[in-house]
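Below is one structure, written out as structure tokens, with a few remarks after it.
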Amino acid sequence: MTGGWDAVVVGARVAGAATALLLARRGHRVLLIDRAAFPSDTMSTLYIHQPGVAKLSEWGLLPALLDSGCPVLDTIGYDVGGVRLAGPAPVMPGAPAALAPRRLVLDRLLVEAAVKAGVEFVDRANLQELVHSEGRVTGVRFRTASGVRTEHARLVVGADGMRSRVAQLVEAPVELSDPRASCVYYTGWVGISTGFGFHESPGNWIVRIPTHDDVTLISTYFPQDRFAEIKQDPFRHHLAAVRGTAPELYEQLAGAEQVEQIIGTGDQQNYFRRGHGPGWVLVGDAGHHLDTISARGITNALLQASFLAEELAGRVDDPAASARFTRRRDEELTEPYRSTLELARLTVTPSRLRMLREIAGSPELTRRYFAVVAGMLGIDELFDEDDLFDEDELLGDDDGLDGDDVF
């Protein structure tokens, strides 16, 4: 093929904008389109784990994000069943802490960096169809306020979210899926000084996430089978969950100002779609989505963008490169997918409580535990040969506990 773009990226949120940025920095001609008007907000947990922060640092974007007033989340608290884990957030090269920026800030930062790298960006662009030639995708046709445009490309990247239009048009099959496990509701408050942390009880998971403008996002998770009940009066259930699971946080709400109305969803899908095909590839939620309870969405999107750009370093239309990306995505993200599903079941087992009590008594184990939660260590690295107790005895393998029960 001659002429046209090296890549057209459909979807300009985290996965799409980051992919466009990285491909452009490698010398590829990239068109980035999105159906929304930018900048615009979107429902999100906001949280970026340390591996995602490290990617922003690697790409030179972290200073601007910190300059935007995004608070540094350098401590963590976790309360469950009378056990409390607390300590400094784990650090890694390039990531002094976790962050939770407003999506208006993060998405705009990524798009502006992509444009600066040479990407052409078109918002309010509705994808109509894909262009095909000789059995492969060779471009896109989309509508803007000025009319319909047809653009040809060596590769079309679907980064258009869980309900991906690109995935629908190429009929990308779902290769692994699990039932929805939870539903979630969010509110935003000013006047809360709790820092970042989470609270768990059977049937409830509460997260407090400080973000821009002194706002703390509070999210409440419920079992999926309660969604029909919860959505009838979500604010009442939201407050009741905070009161029952995080009473100290609930007390602070009495003197706080609610600055964001409650929003939520019961559509917490869990799947891996086939990640590539002739002339197309899926990145971010378009190819893989998991319950938001572990707040891995943004981090996973940044990691996937990095994986894809690295594999496409040569020819963007090399099918072997797209296949390598899909294998790498699946290898890297299957373990957190499984642990997230376990967490989203909202059960508190005696064996997990026993393990957490032991961890809470050791600053080093607490540090490692939070590093596992952040995706900096594998579950099998939580305990090591220097620990002064028997791991099998602690984990109680007689009751079937395995690595998933760490969460």
Side-chain angles (χ1 to χ4, degrees), residues 7-21 30-48 52 101-104 106-111 114 119 121-130 137 140 142-143 155-178 180 182-184 186 263-277 280-308 325-326 329 333 337 340:
V8 173
V9 180
V10 181
R13 296 294 180 180
V14 174
T19 297
L21 165 65
V30 182
L31 172 65
L32 175 65
I33 67 173
D34 197 284
R35 67 181 181 180
F38 270 65
S40 61
D41 212 349
T42 187
M43 187 169 63
S44 172
T45 59
L46 307 182
Y47 194 75
I48 311 177
R102 286 285 189 186
R103 293 298 299 273
L104 280 167
L106 176 63
D107 294 358
R108 179 169 54 197
L109 176 66
L110 287 165
V111 168
V119 172
F121 174 54
V122 181
D123 64 351
R124 290 169 287 186
N126 287 296
L127 179 66
Q128 302 293 297
E129 59 183 331
L130 300 177
V137 174
V140 298
F142 59 93
R143 181 179 295 278
L155 182 70
V156 172
V157 180
D160 48 341
M162 186 172 68
R163 298 171 185 83
S164 170
R165 177 67 172 153
V166 174
Q168 293 173 7
L169 290 171
V170 300
E171 299 181 344
V174 173
E175 298 189 322
L176 173 66
S177 68
D178 287 272
R180 295 167 178 82
S182 82
C183 57
V184 60
Y186 305 88
I263 57 173
T265 181
D267 195 15
Q268 300 260 76
Q269 297 182 35
N270 304 289
Y271 60 79
F272 284 85
R273 289 190 179 115
R274 181 174 298 172
H276 70 283
W280 60 269
V281 67
L282 302 177
V283 68
D285 290 349
H288 164 53
H289 190 273
L290 72 172
D291 196 293
T292 63
I293 196 167
S294 58
R296 290 187 181 267
I298 296 176
T299 302
N300 283 357
L302 295 171
L303 292 174
Q304 287 187 58
S306 179
F307 299 161
L308 183 59
F325 158 72
T326 299
R329 177 200 71 177
L333 301 184
Y337 175 79
T340 295

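In what follows, every heavy atom counts, from backbone to side chain, and hydrogens, waters and symmetry copies are set aside. The residues of the chain are indexed from 1 along the displayed sequence.
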Those residues at least two apart in sequence (or on a different chain) that pass side-chain contact (heavy atoms from CB on, under 4.5 Å) with Ser44 are Leu46, Arg103, Ile298
Would you say the side-chain atoms of His289 pair up with the backbone N or O of Gln269, donor to acceptor, closer than 3.5 Å?
yes
Under the side chain to side chain donor-acceptor pair (under 3.5 Å) test, which residues partner Asp123, sequence neighbours left out?
none
With Ser40 via side chain to side chain donor-acceptor pair (under 3.5 Å) - residues at least two apart
Arg13
Return all side-chain donor-acceptor pairs below 3.5 angstrom for residues 158-167, not counting sequence neighbours, or 'none' if the list is empty.
unit_1, atom_1, unit_2, atom_2, d
Asp160, OD1, Ser164, OG, 2.6
Asp160, OD2, Ser164, OG, 3.4
Asp160, OD2, Arg165, N, 2.8
Asp160, OD2, Val166, N, 3.1
Arg163, NH2, Asp267, OD2, 2.5
Ser164, OG, Val166, N, 3.3
Ser164, OG, Ala167, N, 2.9
Arg165, NH2, Gln128, O, 3.3

Going by ring pair (Phe, Tyr, Trp, His ring centres under 6.0 Å), name the residues that satisfy it together with His276, two or more places apart in sequence or in a different chain.
none
Side-chain atoms of residues 168-176: list all donor-acceptor pairs with protein atoms under 3.5 Å, sequence neighbours left out, distances to 0.1 Å.
unit_1, atom_1, unit_2, atom_2, d
Glu175, OE2, Arg274, NE, 3.0
Glu175, OE2, Arg274, NH2, 3.4

Any side-chain to backbone donor/acceptor pair from Gln304 onto Gly284? Under 3.5 Å, distance only.
yes
Hey, is the main chain of Phe272 close enough, under 3.5 Å, to the side chain of Arg329 for a donor-acceptor pair?
no
Among residues at least two apart in sequence or on other chains, which ones pass ring pair (Phe, Tyr, Trp, His ring centres under 6.0 Å) with Phe121?
Phe38
Which residue pairs satisfy the salt bridge (Lys or Arg N to Asp or Glu O under 4.0 Å) criterion with at least one member in residues 31-43, sequence neighbours excluded?
none
With Phe325 via ring pair (Phe, Tyr, Trp, His ring centres under 6.0 Å) - residues at least two apart:
none
My understanding is that only residues two or more places apart in sequence, or in another chain, count here; which of them pass side chain to side chain donor-acceptor pair (under 3.5 Å) with Arg108?
none
